[in-house]
Structure formats: C-alpha cells, structure tokens
Student: 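Dropping the structure in here first, questions after.
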Number of protein chains: 2
Amino acid sequence: MDIDARKLAVLLAVHRAGGVLAAADVLHLTPSAVSQQIARLESAVGVTVLDRQPRGAVLTQAGRVLAETAERIESELTDARKALAALQGEVTGTVVISAFKTVIRMLLVPLVHGLREQFPGLELLIREMDGEKAQQELRSGAVDLIILEAETPSATGPRAAPAMCRCWRNRGWWSCPRRRRSRSVRRTWSTSPGSGSTRTRPPTAPPNRPGAV
Amino acid sequence: MDIDARKLAVLLAVHRAGGVLAAADVLHLTPSAVSQQIARLESAVGVTVLDRQPRGAVLTQAGRVLAETAERIESELTDARKALAALQGEVTGTVVISAFKTVIRMLLVPLVHGLREQFPGLELLIREMDGEKAQQELRSGAVDLIILEAETPSATGPRAAPAMCRCWRNRGWWSCPRRRRSRSVRRTWSTSPGSGSTRTRPPTAPPNRPGAV
DNA sequence: GCGATTTACGGCAGGCGTAAACATG
DNA sequence: CATGTTTACGCCTGCCGTAAATCGC
C-alpha cells in the first residue's frame with residue numbers, strides 16, 4: 001500500500017543497468033532478490049512496472065515515473081549526507097585530480113568508493129590529461145592534484161608501465177614508490193586531518209586509512 | 001552506513017509530534033520502536049540526532065537537516081503516487097467540498113483517510129462556510145460540492161442537530177437520509193466510474209465502496 | 001542449449017511489542 | 001510520583017541466497 005524507497009532504488013538500478021541480472025550485479029545481490037523486490041513493488045502499487053523481454057527487462061511508463069522518483073530520492077539522500085558532513089566540520093569540498101588512464105583505472109577508481117563512504121562531503125573530480133596540460137592546469141588552479149609518470153629509464157617502450165608516480169599537493173611533492181602486487185590497495189601519503197568545513201577547494205587531503213578499499 | 005528513508009520518516013514524525021511518545025502515537029507504534037529506529041539512524045549516520053530533554057525530545061541541527069530531507073522524500077513519494085494514479089486513468093483532480101462543522105468533524109474527516117489511500121490522485125479540499133455563502137460559491141464554481149442542513153421543523157433550537165443533509169453535485173440534488181448510529185461509516189451516493197484523467201475539477205465523483213472507512 | 005527472469009524454500013537479520021529500568025522535575 | 005526515553009528480550013515479518021523451473025531465441 002505504501003511505496004518503499006528501498007524498492008524504488010532497486011527499480012532504479014534495473015532501469016540504469018537495463019535488466020534484472022545487470023542490476024543484481026550492480027547492487028551486489030542475486031537476480032532472485034532483485035526480482036522479488038520488483039514483484040513486491042508491483043504488488044504494492046498495483047501496477048506493472050517491468051516489461052519483461054527476452055533480452056532483458058525494460059521499465060513501463062509507470063516504472064519510469066517511479067524510477068524518476070527514486071532518482072530524486074537518491075539525490076536527496078546524498079545531499080543530506082553532504083550537508084551532515086559539512087555540519088559537523090568534516091572534510092568538505094571538491095578536489096580535482098588529474099591523472100592518466102592507468103592510474104585512473106587501477107588506483108583512483110577503486111579508491112573513490114571508500115572515500116565517498118568515509119567523506120560524504122568530499123567531491124572528487126577525476127580528469128584524464130597528459131602531463132604537460134596537467135601541470136598547466138595545476139598552476140592555474142583548475143586542478144588540485146596531478147599524478148604523472150615519473151621519467152624512468154625503462155619508460156621508453158610503447159607500453160612502459162610507470163615505475164613511480166609523483167603527486168603534487170599544497171606546494172609539495174610526494175613520491176609514491178611502486179609496491180608489490182597486493183590484494184589490498186593501501187595509500188601511503190601523509191595525513192592532514194580535517195581543518196574545518198570550507199566551500200573552497202582543496203579542503204583537505206585524502207588521509208591514511210588502512211582498511212580502505 | 002547508508003541512510004534509510006524509513007528511519008528518516010520516523011525522525012520526521014518525532015520532529016512534527018515533538019517527542020518520541022507523541023510520534024509513536026502518530027505512527028501507530030510503541031515508543032520503544034520509535035526509539036530504536038532513532039537509535040539506529042544515529043548509529044548509521046554517526047551523529048546525535050535527538051536532544052533528549054525531560055519534557056520530550058527535540059531535534060538537533062543535524063536532525064533538522066535530516067527531517068527536511070525526510071519531508072522532501074515524503075513529498076516525492078506522494079507526488080509519485082499521484083502521477084501513477086493519473087497515468088492509469090484513475091480518479092484525479094481536486095474536489096472542493098463546503099460543509100459545516102458537524103459534518104466536517106463527524107463525516108468528512110473520518111472519510112478522507114480512506115479516500116486518500118484509495119485515490120492518491122484525488123485532492124480533497126474541505127472548507128467550512130454557512131449555507132448562503134456555500135450556494136454562492138457553488139454557482140461561481142469555486143466549490144464543487146456543498147453539504148448543508150436540511151430545513152426541518154425541529155431545527156429551531158440553538159443546537160439543533162441536522163436531521164438530513166442535501167448535497168449538490170453535477171447539477172443534481174441528493175438527499176442523504178439520516179441513518180442509525182453505526183460503527184462503519186458508509187456512503188450512499190451513486191457511483192460515477194473514473195472517466196479518464198483530467199486536470200480540471202471535478203473529474204469524477206467519489207464512487208461507492210462498501211468496505212471504505 | 002543459453003540467457004534472462006521467476007518461483008519455492010530455508011536461513012537470518014531487522015523491526016516491533018512487552019516489560020522493566022533509567023532520568024528528571 | 002509522573003512523564004518521557006531507553007534497554008532487554010522474544011516473536012515474527014520480510015529480505016536474501018540456493019536451487020530449480022519457465023520462457024524465448
């Protein structure tokens with residue numbers, strides 16, 4: 001009888017992923033669970049929400065209405081988290097990071113999930129650009145932190161993996177020595193605890209958190 | 001770790017009612033359940049949300065932020081229900097009813113809850129005014145349905161209860177004979193099934209539904 | 001047969017109520 | 001003592017995963 005926001009989120013995932021199977025993968029659930037949630041949502045509102053097709057399920061018109069509602073609710077919740085974080089003087093603001101493909105895929109992407117959980121008020125913008133342009137944007141202030149390949153003698157071949165990276169932040173340089181293949185990705189940069197909420201960037205630096213993904 | 005919309009609704013109820021005890025009454029729950037929901041919400045967001053005072057609990061600043069979010073989510077959900085109802089061609093629109101105190105309290109107020117559940121797209125506006133003004137507003141179109149006291153010989157004393165009501169709708173008159181004291185409030189007006197969604201009023205009339213409250 | 005979704009069923013976390021305890025004027 | 005909130009504990013609904021079934025190409 002009453003619409004549950006949780007089920008709406010599941011429906012939204014189905015909409016975005018384009019099917020129950022894909023949505024289950026995104027939500028870290030089984031297709032069975034997703035299907036059950038959708039079924040309960042349909043019985044709750046009394047309307048068919050999914051158009052089952054052999055190539056996956058697409059939303060009906062009513063389903064799209066509910067998905068849009070879910071989208072707005074999701075945005076409300078994330079906004080609330082940000083406001084809460086700003087309220088209690090946590091790290092807040094926007095950090096623009098420039099890097100190249102390898103670092104983005106192997107280092108930054110797995111990092112943002114944990115960071116978003118830990119610092120809801122922190123907004124990370126990652127942009128890919130080459131080293132020359134990155135340093136230029138860094139000086140102009142459009143970028144807060146750049147990660148670029150260190151020039152090593154071995155970096156001559158076409159697919160030369162970067163042996164080390166050099167990061168710039170707050171007028172200083174950090175070198176991140178390459179580490180052994182490990183399951184848990186750990187950062188080694190120094191910690192700068194939150195120094196009050198601010199709307200300008202960069203507010204703080206990503207602190208050390210051993211358990212982070 | 002993630003904010004649950006259900007818990008936010010509980011928090012909003014506490015905010016509106018002014019305390020856990022009053023909120024439990026509104027939500028048809030026990031104070032224990034409300035307290036537990038609030039406690040879980042606090043542990044989820046990691047912030048104190050209620051300021052426990054001897055005369056009841058009031059929301060902290062963070063709590064108010066969350067309550068505002070809950071208010072917006074609630075509005076989103078009701079909007080979605082209305083859109084859904086309009087989509088499937090159910091009764092939709094606004095009906096302005098004019099009546100007097102006794103009818104409003106004894107008849108309309110217990111009715112609106114059931115109607116809102118059954119017809120989310122129906123918006124009921126109830127206004128109190130005397131018979132003369134009501135008929136005038138009815139003719140002007142500002143009011144769709146009026147309920148006024150029938151002039152009976154016994155209606156001479158200062159607190160003469162109305163023996164019967166006369167209702168106007170769609171250029172016709174219905175007389176609702178007084179019925180015996182009964183637990184279940186039942187309406188006797190004729191049914192006009194939904195005739196497509198419309199944004200003008202009055203779209204349809206309240207249909208007959210024996211089981212309705 | 002393969003891909004996608006659904007159904008049946010069992011386990012388990014979470015929500016709620018009862019009852020008692022705690023806090024405060 | 002009265003009012004308001006919280007805690008302990010048991011029950012039960014509801015969610016989820018496993019496994020099997022259904023449907024369509």
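Every chain is numbered from 1 and lettered A, B, ... according to where its sequence line falls, protein lines coming before strand lines. Just so it is clear, the values below take in all heavy atoms, side chains as well, and ignore hydrogens, waters and symmetry mates.
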Student: Hey, are the side chains of B:L41 and B:L11 touching, using non-hydrogen atoms and a 4.5 Å cut-off?
Tutor: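 Yes - at least one pair of side-chain heavy atoms lies under 4.5 Å apart.
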Student: Rounded to the nearest angstrom, tell me the gap between atom CG in A:D2 and atom C1' in D:dG14.
Tutor: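 Going from A:D2 (CG) to D:dG14 (C1'), I get 13 Å.
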Student: I need the B:L12 CG to B:E68 CD distance, nearest 0.5 Å.
Tutor: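 If I round to the nearest 0.5 Å, the distance is 10.0 Å.
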Student: D:dT7 P sits how many Å from B:I38 CD1, rounded?
Tutor: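 B:I38 atom CD1 is separated from D:dT7 atom P by 13 Å.
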Student: Report the distance from atom CZ of A:R52 to atom C1' of D:dT22, rounded to the nearest whole Å.
Tutor: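 Taking atom C1' of D:dT22 as the reference, CZ of A:R52 is at 13 Å.
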Student: Under the side chain to side chain donor-acceptor pair (under 3.5 Å) rule, collect the residues that match up with A:E128, sequence neighbours excluded.
Tutor: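 With neighbours one apart ignored, the set is A:K101.
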Student: Can you tell me if B:T60 uses its side chain to pair, donor with acceptor, with the backbone of B:D51 under 3.5 Å?
Tutor: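 Judged by distance alone, no pair lies under 3.5 Å.
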Student: Measure the spacing between CG of A:L77 and CZ of B:R72 and express it to the nearest 0.5 Å.
Tutor: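 The CG atom of A:L77 sits 10.5 Å away from the CZ atom of B:R72.
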Student: Can you sort out which residues in residues 13-27 of chain A have a heavy atom within less than 4.0 Å of DNA chain D? Ascending by number, please.
Tutor: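 None, since no heavy atom is under 4.0 Å.
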Student: Are the charged groups of A:E42 and A:R52 less than 4.0 angstrom apart, N to O?
Tutor: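 A salt bridge links A:E42 with A:R52.
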Student: Taking CG from A:D51 and P from C:dA4, how many angstroms apart are they, rounded to a whole number?
Tutor: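 Result: 16 Å.
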Student: Looking only at non-hydrogen atoms, find the nearest pair between B:L59 and B:A67 and report the distance.
Tutor: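 Heavy-atom minimum between the residues: CD2-CB, 3.7 Å.
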Student: Rounded to the Å, how far apart are B:L41 CG and D:dT6 P?
Tutor: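 After rounding, the gap between these two atoms is 12 Å.
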Student: Please check this pair: side chain of B:E76 against backbone of A:A70, looking for a donor-acceptor N/O pair closer than 3.5 Å.
Tutor: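 No; judged by distance alone, with no hydrogens or angles, the pair does not exist.
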Student: Produce a footprint string for nucleotides 17-25 of chain C: one letter per nucleotide, 5' end first; B if the base is under 4.0 Å from any protein heavy atom, S if only the sugar-phosphate is, - if neither.
Tutor: BB-----SS
Student: Nearest whole angstrom, please: distance from the C1' of C:dT7 to the CD of A:Q37.
Tutor: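 It is 15 Å, rounded to the nearest whole Å.
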Student: Take atom CD of A:Q53 and atom P of C:dT6, then tell me their distance rounded to the nearest Å.
Tutor: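 About 12 Å, once rounded to whole Å.
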Student: Quick one: does B:R16's side chain have a donor or acceptor within less than 3.5 Å of a partner on B:V14's backbone?
Tutor: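 Here the side-chain-to-backbone pair does not exist.
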Student: Which part of the nucleic acid, if any, lies within contact of B:A39, taking any heavy atom under 4.0 Å across all strands shown: a base, the sugar-phosphate backbone alone, or nothing?
Tutor: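 It contacts nothing in the nucleic acid.
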